[in-house]
Structures are given as C-alpha cells and as structure tokens.
Amino acid sequence: MSFMRLPGLIDPHVHLRDPGHTYKEDWDSGTASAIAGGYTCVLAMPNTSPPVTDPDRFESIISAAREKARCDYGVYAGGSSTNTASVSKLSKKVSGLKLYLNDTFGDLRLDGLHSINAHMAVWPDNRPLLCHAEGYMAAVVLMLAMLHRRSVHICHVSRKEEIDLIRAARERGLPVTCEVTPHHLFMTDADIDPIVRGRYVVSPRLNTQSDQNALWQGIADGVVDCIATDHAPHTLQEKDSQNPPPGFPGLETGLALMLGAVRGGRLTMDLLVELMHINPARIFRLAPQPETWIEVDMNKKWEVNASGFHSRCGWSPFEGIKLHGCVNKVSLRSKVVYSNGEVLGCVGNGRYVNQL
Ligand code: DOR
Ligand code: ZN
Ligand code: ZN
C-alpha cells in the first residue's frame, strides 16, 4: 500500500521571523512551508525582532498570525532577565516559555544563573517550560527542575552526553521531555563542506557520528519524545557571508527524511506518529484539530530542490539528496489545504491552537 493517512503533524519548534525579518520568512511563507511538509500546527519561537517578551508584543505577533497563517499555530513567550515576574501574565495565552541558555540568534540569551532560576521558580508548573540548553547547561536545567519539582522540555538534544543525562533524570522520575531535529538525525560534522562552511552553521552544531547514534538509540528507547524541525530560515546570502547566522530551514524535508527512516527499518510508522503528533500534542497540551489529517505517498521518490520550496529562504542543507516518500494531501479542519504539490489553503485559514 503506498498511500497512508496519518494525523496532521505538529512541529513544536519553528522560527517564523515575523515581525522583524520577514524577508527570511513570514507567517504566510512559513505556514505554507509547514503545510507542504505535512504540518497542520506549528508552535513559533519568540526570538523575533522584537522578541515576544510582554503582552503587547504577544498581541502584535498574534494579529500578524491571524491575518497570514495558513495552518494552526501557537506562540511561545521568551524569558529575559527583566521579565521574570511579568511574563507569567502570559502563561495562559502562550504555548509555553522559552529560555535560551546558550548563544543563539537574536538577543534572548539569558545570562546568569539567577535569571534562569527565577524563571523556573515563577513560571507555572502546569505550563510548558522549554530550554535551549546544550552540554553543561542541560545539567543546570535538570538540576533546577529537580529543585523546583517542575517539568521541563529540552529542545533539540544533539549530543550523547545530553541524552544520557535526560535518560538518567527520567529513570529517577523527573518529568523531563525532549526533542531532536531531523538535521541532527541525518547529518554529522562529517557532512560539513569547508568551502561553504557558513551553510552548516547551526545551533546546536552538527555533532559526531557517536552523538547521532545516541539520538537514534534515544528514539528506540523512548527517551526522545518529539521530532521538531527547529526550522530556522536565513537567506543563502547571509549563510555565505562572513558572519553566518545559525540555522537550517526544515519544514519541507523533515517528514520525508523520517519516512525514509521508517522504510529503512529504523523506526515504525506508529513511533513516527508518536514523535510527530501524539507526544507534541500531549506535552504542549494542544486541543485536537478535528478532521485534520495528512496522506503520505510512501513510494514517491524525489530530490531536494529548494527552489521549489515554499519557505522564503530559498535553500536547504539537504539540497540534491534523494528522498523516498512525500506528502500527497493535507486536510485542515475538513478543508483540503494541500494536494499534488500545491498549497490550496489560504492565508488567514490558520487558527490559534487552544491549550487544554
Ligand atoms: O540554529 C539556530 N537557529 N539555533 C538557535 O538557537 C536559533 C535559531 C534561529 O533563530 O535562527
Ligand atoms: Zn535553540
Ligand atoms: Zn530554535
């Protein structure tokens, strides 16, 4: 059987650049890219320009999304050193609070243990708290979550040492969840082309084969909860500049890469659905989207050519690779919004996804 129906995918980690850098992506192009990749709901990161750190900025990003989104969406708030007390006013509106503990794009990086600790103490335990926390910072986050007896979600885990820590924390009953990206599952530092090194700059960086093996093992063991693209569009001109910003676009390649892994026997289709729909819905407490599904063609072979992608950034780190399996049709709340390579869903079709 070559066609299969799956629930609409949920990507809990995308950067849509609107407001601030809409030449890279906006709510229109980013959600077209999502639908073309099989996602019917995306949760947007707060490191826009300006970042989503207070109620006014939240209202302005939501009004842009309401006008332009083609799929359903949520938006995270960002923790800064000055909003530890005030950001909790947003806790019932946003999809979660994101804390940046390592260098990133934009200026939301939190400096100092004091600010991290204060956010952990104040953000309600029943609302998602997400951390960009690499290496030692993963240990800091787990320690603080333990002290505050709270849940935490660790974004884009990319190293063996991080997976090992998360596994150990879960074995001790800590409510920690985590995600990995398709690029860390399918690329390593050996794939970096030194001639166009900037194109491979991403945060967390591409790591070793042994790190990648640990991520796949974490999927097999149930330590990894979600696949999240960390879709982070920047233009090719920026990536090839002296100071390349970190990030890869990923919405239009993520599912096909994972379908290839199913075909290759690395995971089952049931596990793919858990990682890309069931667990993101559970962790981020998202209300179900009725009559929302995707149809995938397991037999379709295609080659990545980003010039045909919907993302405005116009390139892909997977350019030229051959994939097996693609999205054929997408239904969003009873409406066919994608069919035979065409995005049919209009801007403004997307709805803010309520949290349970
Ligand atoms: O590679 C990345 N890109 N890592 C981040 O932390 C931020 C993201 C972006 O917004 O471009
Ligand atoms: Zn990050
Ligand atoms: Zn990110």
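Counting convention: from 1, in listed order, for ligands and their atoms alike. Everything numeric in this text was worked out from a predicted model, so none of it was measured. When a residue number appears, it is its place in the shown sequence, counting from 1.
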Looking at [X], I'd like to know if its [atom1] atom is crowded, meaning that more than 12 non-hydrogen atoms belonging to other residues, nucleotides or ligands lie closer than 6.0 Å.
X    : atom1 : result
E303 : CD    : yes
D189 : CG    : yes
D193 : CG    : yes

(message) With a cutoff of 4.0 Å, is H156 in contact with ligand 1, counting heavy atoms of the residue only?
(response)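 Checking ligand 1 against H156, which is what was asked, there is no heavy-atom contact under 4.0 Å.
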(message) Closer than 4.0 angstrom, basic N to acidic O: yes or no for K329 and D297?
(response)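 No, K329 and D297 are not salt-bridged.
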(request) Could you check atom 4 (N) of ligand 1 against the protein and tell me its nearest heavy-atom contact, residue, atom and distance included? (result)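 Result: S203 O, 2.8 Å.
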(message) Checking a contact table here: which protein heavy atom is nearest atom 5 (C) of ligand 1, and how many Å away?
(response) T104 OG1, 3.3 Å
(message) Is any side-chain heavy atom of C131 closer than 4.5 Å to one of H153?
(response) no
(message) Using side-chain heavy atoms (C-beta onward) and a distance below 4.5 Å, is H234 in contact with F105?
(response) yes
(request) Could you check which N/O/S atom of H132 is closest to the Zn ion (ligand 2)? (result)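 It is ND1, the N, O or S atom of H132 closest to the Zn ion (ligand 2).
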(message) Checking the side chain of S33 only, and the main-chain atoms of H310 only, is there a donor and an acceptor separated by less than 3.5 Å?
(response)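 Not confirmed, S33 side chain does not pair with H310 backbone.
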I'd like to check which ligand 1 atoms, numbered from 1 as shown, lie under 4.0 Å from a non-hydrogen atom of [X].
X    : value
H132 : 6 (O)
V202 : 1 (O)
A232 : 3 (N), 8 (C), 9 (C), 11 (O)

(message) Measuring centre to centre across the rings, with the benzene-like ring taken for any Trp, is W315 within less than 6.0 Å of F309?
(response)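 Centroid distance W315-F309: not below 6.0 Å, so no.
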(request) Establish, yes or no, whether a centroid distance under 6.0 Å links the rings of H132 and H156. (result) yes
So for ligand 1, is [X] a polar contact partner (N or O within less than 3.5 Å, distance only)?
X    : result
R17  : yes
H15  : yes
G247 : yes
P246 : yes

(request) Please work out whether any backbone atom (N, CA, C, O) or any side-chain heavy atom from C-beta onward of N47 is under 4.0 Å from ligand 1, and answer side chain, backbone, both or neither. (result) side chain
(request) For ligand 1, note which part of M45 has a heavy atom under 4.0 Å away: side chain, backbone, both or neither. (result)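 The answer is neither.
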(request) With rounding to the nearest 0.5 Å, note down the distance linking OG in S49 to NE2 in H21. (result)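 If we round to the nearest 0.5 Å, S49:OG and H21:NE2 are 5.0 Å apart.
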(request) Looking only at N, O or S atoms, find the one in D230 nearest to the Zn ion (ligand 3) and name it. (result)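 That would be atom OD1.
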(request) With the Zn ion (ligand 3) at the centre, find the angle made by NE2 from H13 and NE2 from H15, to 10°. (result) 110°
(message) At a threshold of 2.8 Å, where the distance has to be below it, does the Zn ion (ligand 2) have an N, O or S atom of C155 nearby?
(response) no
